[in-house]
Amino acid sequence: MADPKLTEQIEAFVGREYGRVYAWDRVNAPMIRQWCEIMGVDNPLYTDPAFARQEGYEDVVAPPAMLQVWCMAGLDNENYPPGSTTENSFEVLKLIEGYGYPAVVAVNTELNFERYVNLGEKLYYTSRVDSISDEKTTGLGTGFFVTLAMPFFSERDGGEDEKVGELLFRVFKFKPAQAQKPDTKAEKTKADKPAAKRPLPGISDDTRFFWEGCEQNKLMVQRCTDCQTLRHPPAPVCIKCHSFEWDAIEASGKGELYSFVVMHYPEVPPFDYPNPIGLIELEEGVRMIAGLVGVNRDELEIGQELQVEFHRFDDRLTLPQFRPVTR
Ligand code: ZN
């Protein structure tokens, strides 16, 4: 059961409102076109002014699903336009965390639209803590679902701003299942305490060959038997020729570091932190995500040579990991 003090404080958060976050740019055609290209949206209402006029609009309109894009920070986190609030609308997560719920995962979002957004409109959103659930237990662990509502408005120069849509964003703030209690560090070493195990992969008919390969210390890559194109992660269809026919080849296990992240937080058992994770481009050309071992995180370098090795975890799961090649 949740600490009643926490429950009381959480309740006080519901309905709390936070200030405006502005869009850097007015709604504009280049951003719409690029978004459509990236998302593979080919509706001419968004890109062809003549077609849009024929449909009764003044010009192209923005795809509704793009609403959240306009007010995003950009590449630098928290880099919002002048006049935007500096409040943290997720501050309730810190409160919950203080009571021993360290992990967070985004659960789902819902977008609602009032109307199309037009070129030239200046948008902003505000935030409100819409709801916080009672303490719930899921497969991930025990915690609280926190839902933030973000209504989007079009700013009007002399007149009331008009609501154009709303985003609901829900996260789960939780104690991971099997996690050690934070105040029992001393007990961590006791043998009678069951250690957290790595999550097992979801194995399907399309991916089984890969995991079976790992058990035999072989790094397998799927190959289309019609056009010979390699693909990873495994999928039922060839992205190049759409054939369903495939087999798999054993990769050399050599590759280079294409990109990487070093996970620091939140710390979720049983992983060690900092936890370096690489996107490895294999010699055969496909890319694969895997843990990096034997690395000093300050010395990680894009393009460095890596070699696969297989590690067995919890006596039930063999995973490929990559280690820098030393000369
Ligand atoms: Zn093919």
Side-chain angles (χ1 to χ4, degrees), residues 30-48 51 63-66 68-69 75 105-106 108-109 198-261 263 275-293 295 300-313 316-325:
M31 273 175 72
I32 293 173
R33 184 178 52 74
Q34 286 167 20
W35 187 89
C36 288
E37 261 181 44
I38 291 164
M39 303 303 284
V41 172
D42 57 6
N43 185 340
L45 185 59
Y46 307 139
T47 50
D48 180 350
F51 178 86
M66 199 182 160
Q68 200 188 356
V69 171
L75 282 181
V105 62
N108 65 314
T109 67
R198 290 203 169 220
L200 288 169
I203 297 179
S204 72
D205 288 345
D206 294 320
T207 61
R208 186 167 291 109
F209 77 95
F210 179 82
W211 301 109
E212 287 177 354
C214 289
E215 292 302 324
Q216 298 164 35
N217 292 7
K218 290 178 178 173
L219 191 63
M220 303 304 290
V221 175
Q222 210 178 14
R223 175 175 64 181
C224 172
T225 47
D226 282 320
C227 76
Q228 312 301 310
T229 301
L230 298 176
R231 61 179 186 260
H232 187 88
V237 180
C238 174
I239 198 168
K240 195 168 170 203
C241 77
H242 301 165
S243 168
F244 285 88
E245 303 304 319
W246 59 270
D247 62 3
I249 60 155
E250 184 182 351
S252 69
K254 293 188 174 70
E256 59 179 48
L257 190 58
Y258 185 84
S259 185
F260 64 91
V261 292
M263 290 287 296
N275 183 10
I277 298 157
L279 176 61
I280 298 103
E281 184 158 295
L282 299 182
E283 178 169 78
E284 290 80 7
V286 297
R287 293 179 195 147
M288 187 172 285
I289 292 171
L292 299 171
V293 291
V295 298
L300 282 169
E301 211 173 293
I302 303 296
Q304 77 184 113
E305 285 179 61
L306 303 167
Q307 172 69 45
V308 77
E309 56 187 46
F310 290 90
H311 288 212
R312 185 141 183 91
F313 295 95
R316 58 174 192 165
L317 174 66
T318 303
L319 288 176
Q321 309 224 283
F322 284 80
R323 182 183 291 276
V325 174

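Atoms within a ligand are numbered from 1 in the order they appear, just like the ligands themselves.
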When you check the side-chain N and O atoms of Q307 and R323, is any donor under 3.5 Å from an acceptor?
->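 Result is no, nothing qualifies.
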
Indicate whether any N or O donor in one side chain lies under 3.5 Å from an N or O acceptor in the other, for R312 and T318.
->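 Indeed, the side chains of R312 and T318 share at least one donor-acceptor pair under 3.5 Å.
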
About how large, to 10 degrees, is the angle SG of C227, then the Zn ion (ligand 1), then SG of C224?
->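 Answer comes to 110°, rounded to 10°.
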
Rounded to 10 degrees, what angle sits at the Zn ion (ligand 1) between C241 SG and C238 SG?
->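 Answer comes to 110°, rounded to 10°.
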
Counting backbone and side-chain atoms alike, does H242 have an N/O/S atom under 2.8 Å from the Zn ion (ligand 1)?
-> no

Would you give the length of the straight line joining atom CD of E281 to atom CD of E283, rounded to the nearest 0.5 angstrom?
-> 11.0 Å

Quick one: pull up CG in L292 and CG in L300 and give me the separation to the nearest 0.5 Å.
->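 Here the interatomic distance stands at 6.0 Å.
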
